[in-house]
There are 2 protein chains.
Amino acid sequence: MSRLQTQAVETMVGENGLKMTPQRRIIVEYLQSAVNHPTADEVFNAVNEKFPMTSRATVYNTLNWLKGNGLVCEVFEGGVVRYDPNTSNHHHFVCRKCGKVEDVGAELVGAFQLEQAVSLLGSQKVENFEITIRGLCAACHVIDS
Amino acid sequence: MSRLQTQAVETMVGENGLKMTPQRRIIVEYLQSAVNHPTADEVFNAVNEKFPMTSRATVYNTLNWLKGNGLVCEVFEGGVVRYDPNTSNHHHFVCRKCGKVEDVGAELVGAFQLEQAVSLLGSQKVENFEITIRGLCAACHVIDS
DNA sequence: TTGATTGCAAACGGTTTGCATGGGA
DNA sequence: TCCCATGCAAACCGTTTGCAATCAA
């Protein structure tokens with residue numbers, strides 16, 4: 001379970017002659033604290049509450065930069081790009097009603113392993129896999145019943 | 001393994017007072033013949049080769065109409081929406097190099113079943129799941145090695 | 001005939017880009 | 001000081017919408 005680390009960001013900055021700006025700091029902090037998987041727009045809004053006048057361009061720049069360095073990963077759900085500060089191997093649960101995306105730890109999915117994915121296929125080279133489980137989240141399930 | 005059927009489309013049309021236009025026919029034919037998972041733009045281009053002057057609006061209308069009636073399903077890969085004429089329960093293999101999306105039959109994935117997905121989670125209501133396997137497709141694997 | 005469907009073009013929403021200004025190192 | 005990063009606005013791209021003309025039933 002490796003989450004976006006402040007130190008990893010600092011290291012990345014130090015090694016490449018890049019700069020640690022207040023905007024970047026706040027975007028990283030927000031992603032670290034996010035329990036869900038925020039969209040770029042949610043990041044933009046959250047960051048602007050703490051640091052008004054941060055532009056969308058900066059938010060997108062920073063998200064792309066983090067992504068390019070493997071510090072966050074993108075997930076597409078419901079036609080929306082979301083950012084996931086959890087970069088370890090894991091899976092997702094998506095609520096079909098509220099659209100929430102929850103993490104499912106890879107350690108829980110013992111039944112399906114990479115070797116099995118490999119054996120399913122022929123001449124392809126399998127590198128990794130992810131499972132997306134769909135249904136109703138706890139909250140929506142209660143409302144529904 | 002249920003693929004988009006001409007008859008299912010005709011039935012859908014007949015039951016709802018809708019019309020079977022040449023454009024719709026060609027879009028359906030193209031999707032049926034597609035081995036990969038075409039994007040809206042690929043559908044647009046393919047259709048225009050056979051039936052010039054078909055507008056993007058019509059392509060999008062038709063795709064959304066097929067989707068709304070469960071005759072095709074959407075998959076998001078690499079930030080692009082793709083249309084899949086295979087509506088049966090199945091999984092995907094995505095090539096990280098060329099971006100190709102291949103189907104993996106659900107019958108092949110014996111190791112991970114819905115009951116297991118359910119048992120992984122707590123108060124959520126699990127309805128279905130899909131597995132996305134990533135790596136290099138046969139063609140790219142050959143080039144790479 | 002009639003209303004669903006089409007083509008066109010404009011609108012839309014999310015993301016990127018160009019450029020002058022500003023601010024870390 | 002240097003040049004990376006920012007804010008702004010315009011551009012961009014995929015998709016949707018409004019509307020008058022068209023055409024399948």
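Below, read A as the first sequence line, B as the second, and so on, with proteins coming before strands; counting in each chain starts at 1. No experiment lies behind these values; they were computed from the predicted model shown.
You'll find the side chain of B:Leu136 stays beyond 4.5 Å of the side chain of A:Gln124, heavy atoms only. Residues A:Phe76 and B:Glu77 form no side-chain contact, since every pair of their non-hydrogen atoms from C-beta on lies 4.5 Å or further apart.
Which of C:dG7, D:dT15, D:dG7 sits closest to the side chain of B:Thr54 comes down to C:dG7. For A:Ala40, taking side-chain heavy atoms from C-beta onward, the closest of the listed nucleotides C:dT15, D:dT6, C:dT16 is C:dT15. In the set C:dT16, C:dC8, D:dC8, the nucleotide with an atom closest to the side chain of A:Met53 is D:dC8. Nearest to the side-chain atoms of A:Leu18 among the listed nucleotides D:dA5, D:dA24, D:dG7 stands D:dA5. Of all nucleotides listed (D:dT6, D:dC8, C:dG7), C:dG7 comes nearest to the side chain of B:Ala57.
Per the geometry, CZ belonging to A:Phe44 stands 15 Å off P belonging to C:dG13, to the nearest Å. One atom, OH of B:Tyr83, and another, P of D:dG14, lie 13 Å apart when rounded to the nearest Å. Between the P atom of D:dT16 and the CH2 atom of B:Trp65 lies a distance of 16 Å, rounded to the nearest Å. Residue A:Tyr60 contributes atom OH, which lies 16 Å from atom P of D:dC13 at whole-angstrom precision. Between B:Asn16 atom CG and D:dA25 atom C1' the separation is 15 Å, expressed in whole Å. Between A:Asn45 atom CG and C:dG14 atom P the separation is 11 Å, expressed in whole Å. The separation between A:Glu74 atom CD and C:dG14 atom P is 15 Å, rounded to whole Å. Taking atom CZ of A:Arg25 as the reference point, atom C1' of C:dG23 lies 13 Å away to the nearest angstrom.
For A:Lys19 and D:dC3, a side-chain-to-base donor-acceptor distance below 3.5 Å is present, hydrogens and geometry of angles not being considered.
Among the heavy atoms of the strands, none lies under 4.0 Å from A:Asp41. Within 4.0 Å of B:Thr39, counting heavy atoms only, lies no atom of the nucleic acid at all.
At distances below 3.5 Å, not a single donor-acceptor pair connects side-chain atoms of B:Thr54 with backbone N or O atoms of B:Val59. Judged by distance alone, the side chain of B:His37 and the main-chain N or O of B:Val101 form a donor-acceptor pair under 3.5 Å.
Distance check, rounded to the nearest 0.5 Å: CG of A:Asn36 to OH of A:Tyr83 gives 14.5 Å. For the atom pair A:Leu4 CG and A:Tyr30 OH, the distance stands at 13.0 Å (nearest 0.5 Å).
In terms of phosphate contacts, B:Gln23 brings a side-chain nitrogen or oxygen within less than 4.0 Å of OP1 or OP2 of C:dG7. For A:Arg24 and D:dA5, the shortest distance from a side-chain N or O to OP1 or OP2 is below 4.0 Å. Between A:Thr58 and the phosphate of D:dG7, there is a side-chain N or O to OP1/OP2 separation shorter than 4.0 Å. Dashed line: the shortest gap from a side-chain N or O of B:Thr21 to OP1 or OP2 of C:dA4 is not under 4.0 Å. An OP1 or OP2 oxygen of C:dT16 is reached within less than 4.0 angstrom by a side-chain nitrogen or oxygen of A:Asn64.
Both B:Val81 and A:Asn61 sit near DNA chain D, but only A:Asn61 has its closest nucleotide nearer the 5' end.
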